[in-house]
Amino acid sequence: MLSGKPTHAGAFAFTVMASDKYGYAGLVDYSVTITAPTIHIAPATLPPGTLAQRYAAKLTSNGGGGPYKLAVVGGALPPGLTLAAAGAGAIGGRPTSTGSFPVTIQATDRFGYTGTAGFTVDIT
């Protein structure tokens with residue numbers, strides 16, 4: 001039986017040898033392909049906010065091996081808002097500008113696999 005939890009994606013080849021009590025042996029070559037997990041970020045949208053009013057949203061991740069670290073990798077959150085330093089998914093602050101702000105968030109699992117999601121934060 002081959003079992004376990006893969007920690008790396010890729011194609012892996014190996015040979016299994018079996019022998020009986022008389023010393024006769026047989027070899028069989030095998031290969032297994034491990035694909036990287038799909039990392040998801042939820043929710044699908046972020047709530048709108050109001051200028052100078054407290055803003056709070058929470059992003060979560062799944063699909064890989066937690067814990068996950070989240071980071072802004074494209075665009076920017078509205079001025080005055082930040083993604084928690086620990087990367088745990090909490091977005092908060094008080095927006096200082098109005099407008100629509102596109103931002104891309106990346107989640108990285110403990111094995112280094114990533115997933116990204118795009119959001120727009122509307123501040124009125």
Got a second to check how far [X]'s [atom1] is from [Y]'s [atom2], nearest 0.5 Å?
| X | Y | atom1 | atom2 | answer |
| --- | --- | --- | --- | --- |
| T38 | N62 | OG1 | CG | 10.0 Å |
| T50 | D122 | OG1 | CG | 11.0 Å |
| T108 | L70 | OG1 | CG | 8.0 Å |

Taking the side chain as C-beta and beyond, is there a heavy-atom pair between [X] and [Y] under 4.5 Å?
| X | Y | answer |
| --- | --- | --- |
| L27 | V16 | no |
| P43 | L59 | yes |
| Y30 | L2 | no |
| T124 | P48 | no |
| Y68 | T60 | no |
| Y55 | L46 | yes |

Item to complete: For S61 and D109, run side chain to side chain contact (heavy atoms under 4.5 Å, CB included): C-alpha distance rounded to whole Å, both residues' side-chain angles, the deciding distance at 0.1 Å, then the answer.
Response: CA-CA 9 Å; S61 301; D109 78 355; over 6 Å; no

Minimum heavy-atom separation for [X] and [Y], please, with both atom names.
| X | Y | result |
| --- | --- | --- |
| R54 | R94 | N-NH1, 3.4 Å |
| P6 | I34 | CB-CG2, 3.6 Å |
| I41 | G115 | CD1-O, 3.7 Å |
| T33 | A11 | OG1-CB, 4.1 Å |
| L51 | I123 | N-CG2, 3.7 Å |
| P37 | Y113 | CD-CD1, 3.6 Å |

message = Under the side chain to side chain donor-acceptor pair (under 3.5 Å) definition, can you give me all pairs with a residue in residues 5-25, not counting sequence neighbours?
response =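 Listed once each, the pairs are T15-D29.
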
